[in-house]
Amino acid sequence: MTFDDARALAADVWAMPRPLLLALDVDGVLSPIVSHATAARLSPGVAETLSALASRRDIDVALVSGRSLDGLRQFDLDPAVIVVGSHGAEVRGDPPPMMTQAQSRLLTRLTELACRAADQAGDGAWVELKPISVVLHVRQAAPESGSHARDALLRAASEIDDTTVKPGKAVVELMARPADKGRALCALRERTAPRAAVFAGDDMTDEDAFRVLEEGDLGVKVGVGDTHATRRLPDPDAVRAWLDALVEIARSEE
C-alpha cells in the first residue's frame, strides 16, 4: 500500500480552487485512537494549525465527527472552526436536533439493547448516549466477549424498523434518526459555498462523505483499508505534517 507524501499532498490541496472547504474527522485523524474516548487529545500543535487555517478568508475549516457536541468540547476548538457532531445531526451554534415521539421511544429501546450488549461484553465495555443515537464501545472489553456482544447487537438492531445501524472500529452505533457524514458534508457545502472540498477520515462512517465528493474535490483516507478516497496518509502524525505544510505554503505566499 502506498501513502502520499504529506508535503506533496499539501501542495496539491493549496492548488485547488478557493474558497475551499477543508473538513476532517477527529478520532484517528486529528487525534490518535485511544482506549477510551474521554482520554483523546488532539495531536500536538493541531489546534493551532486549525486556527491558522480557519482564520483565512478563503478556507472554511470544519470538523465532522460521530461524537456528540458534548463529546467534542474536550478538544476546546477555535470558534472559527465549524464543529459538526453526531454524524451531522448537531452543529455548534445551531439549535439541538429534534426528535419525534416515535424516535424518542425507539432511542429508549435501542439504549436498552446496547446496555444488555455491554453487560454481555463484560468489563471494559460501555455505552454512550447521544442526542439521536446510542453507542456500544467494546475496545476495552475482552476481545472474544466484545466481538460476540457487538455481533449480537448488530443482529438485534437490524430487525428493528427505522433503526440506522453504524458499525465502526470496536463500536456499534444505533441511530433513531438518520444522519451520516455524506449528508453532513453536503450541508456544509450549502453553508459555505466552496469551489472545492477536501475531506479526511479514517473509519467506515467516513466513506459516506467520500462517496459524495464531487469532481475536483479530494478525499484523504487515513490508515489502511478499502476506501472511495483517492489519497492516503498513514496516521494522525502524517495528518499533522500535512496540515502544517499547508499552513507553511499559505504563509509563504502572503
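Annotation: side chain of Asp27 is in contact with side chain of Ile33 (closest heavy-atom distance under 4.5 Å). Leu233 has its side chain within reach of Val220: a pair of non-hydrogen atoms, C-beta onward, lies under 4.5 Å apart. Side-chain contact check for Gln103 versus Met98: every heavy-atom pair is 4.5 Å or farther apart. Looking at heavy atoms from C-beta onward, Val13 lies in side-chain contact with Leu20 at the 4.5 angstrom threshold. Residues Arg92 and Ile82 have side chains not in contact (no heavy-atom distance under 4.5 Å, counting atoms from C-beta outward). A heavy-atom distance below 4.5 Å is not found between the side chains of Val135 and Val172. Two residues are said to be in side-chain contact when any heavy atoms from C-beta on lie closer than 4.5 Å; Leu129 and Thr111 meet this criterion. Counting heavy atoms from C-beta on, the side chains of Ser68 and Glu90 come closer than 4.5 Å.
Screening residues 216-234 for side chain to side chain donor-acceptor pair (under 3.5 Å) gives Asp4-Arg231, Asp12-Arg231, Arg189-Asp217, Glu207-Thr227, Glu207-His228 as the qualifying pairs, with residues at least two apart or on separate chains.
Between the side chain of Asp203 and the backbone N or O of Thr205 there is no donor-acceptor pair closer than 3.5 Å. Proximity of a side-chain donor or acceptor of Ser31 to a complementary backbone N or O of Arg41 within less than 3.5 Å is detected. Formation of a donor-acceptor pair under 3.5 Å by the Asp5 side chain with backbone atoms of Ala8 is found in this model. No donor-acceptor pair under 3.5 Å is formed between the side chain of Ser86 and the backbone N or O of Ala89.
Heavy-atom minimum distance, Ala197 versus Leu213: O-CD2, 4.4 Å. Taking each heavy atom of Pro167 and Leu154 in turn, the nearest pair found is CB-CD2, 4.1 Å. For the residue pair Gly71 and Arg67, the shortest heavy atom distance occurs at O-NH1, 2.9 Å. Taking every heavy atom of both residues into account, Ala23 and Leu185 meet most closely at CB-CD1, 4.0 Å. Taking each heavy atom of Asp78 and Ser51 in turn, the nearest pair found is OD2-OG, 2.8 Å. Across Val127 and Ala114, no two heavy atoms sit closer than the pair CG2-O, 3.5 Å.
Taking a cutoff of 4.0 Å between a charged side-chain nitrogen and a carboxylate oxygen, Asp180 and Lys166 do not qualify as a salt bridge. A salt bridge links Lys130 with Glu173: the closest approach of a Lys/Arg side-chain nitrogen to an acidic carboxylate oxygen falls below 4.0 angstrom. The pair Arg7-Glu248 meets the salt-bridge criterion, since a charged nitrogen lies less than 4.0 angstrom from a carboxylate oxygen. Using a 4.0 Å cut-off between a side-chain N of Lys or Arg and a carboxylate O of Asp or Glu, Asp94 and Arg191 qualify as a salt bridge.
With sequence neighbours left out, the salt bridge (Lys or Arg N to Asp or Glu O under 4.0 Å) criterion links Glu215 to no other residue. Residues satisfying the ring-ring contact (aromatic ring centres under 6.0 Å, His included) test with Trp126, not counting sequence neighbours, are His36, His137. With sequence neighbours excluded, the residues satisfying ring-ring contact (aromatic ring centres under 6.0 Å, His included) with Phe210 are Phe199.
One finds the CG atom of Asp60 at 11.5 Å from the CG atom of Leu53 (value rounded to the nearest 0.5 Å). A distance of 8.5 Å separates OG1 in Thr163 from CG in Leu113, rounded to the nearest 0.5 Å. Atoms OG and CZ, from Ser133 and Arg177 in turn, are 10.5 Å apart once rounded to the nearest 0.5 Å. Atom OG of residue Ser65 and atom CG of residue Leu24 lie 11.5 Å apart, to the nearest 0.5 angstrom. Atom CD of Glu159 sits about 10.5 Å away from atom CG of Asp161, to the nearest 0.5 Å. Between atom CG of residue Leu63 and atom CG of residue Asp25 there is a gap of 8.0 Å, rounded to the nearest 0.5 Å.
Both Leu22 and Leu72 sit in one connected hydrophobic cluster of ILVMFWY residues. Membership requires side-chain heavy atoms under 4.5 Å apart, directly or through other members. Residues Val247 and Leu77 share a hydrophobic cluster, clusters being chains of Ile/Leu/Val/Met/Phe/Trp/Tyr side chains in contact below 4.5 Å. Following chains of ILVMFWY side-chain contacts shorter than 4.5 Å, one cannot reach Leu21 starting from Leu246, and the two form parts of different hydrophobic clusters. Phe3 is not connected to Val222 by any chain of hydrophobic side-chain contacts under 4.5 Å among Ile, Leu, Val, Met, Phe, Trp and Tyr, and they are in different clusters. A continuous path of hydrophobic side-chain contacts links Ile249 to Leu218 [ILVMFWY only; heavy atoms under 4.5 Å].
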Task: Derivation of the side-chain contact (heavy atoms from CB on, under 4.5 Å) call for Asp162 and Leu106 - done: CA-CA 8 Å; Asp162 300 320; Leu106 175 57; 4.1 Å; yes
Task: Candidate pair Leu50 and Leu30, rule side-chain contact (heavy atoms from CB on, under 4.5 Å), full reasoning - done: CA-CA 10 Å; Leu50 294 175; Leu30 301 175; 4.0 Å; yes
Open item on the list: Go through it in stages, so that I can follow the logic: the residues are Arg211 and Asp208, the test is salt bridge (charged side-chain N to carboxylate O under 4.0 Å, His left out), and I'd like the CA-CA distance, side-chain angles, deciding distance and then a yes or no.
Closed with: CA-CA 5 Å; Arg211 277 190 286 267; Asp208 292 326; 2.6 Å; yes
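Residue-environment remark: CD (Gln101) stays at or below the threshold of 12 foreign heavy atoms within 6.0 Å. Surrounding CZ of Arg109 are at most 12 heavy atoms belonging to other residues, nucleotides or ligands under 6.0 Å away.
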Acceptor/donor pairs from residues 237-245 side chains to any protein atom, 3.5 angstrom cut, sequence neighbours excluded:
residue, atom, partner, partner atom, Å
Arg240, NH1, Pro44, O, 3.4
Asp244, OD1, Thr49, OG1, 2.8

Using atom types as modelled, flag every donor-acceptor pair under 3.5 Å from a side chain in residues 140-153 to any protein atom, sequence neighbours excluded.
residue, atom, partner, partner atom, Å
Ser145, OG, Ala121, O, 2.7
Ser145, OG, Ala142, O, 3.3
Arg150, NH2, Gly168, O, 3.2

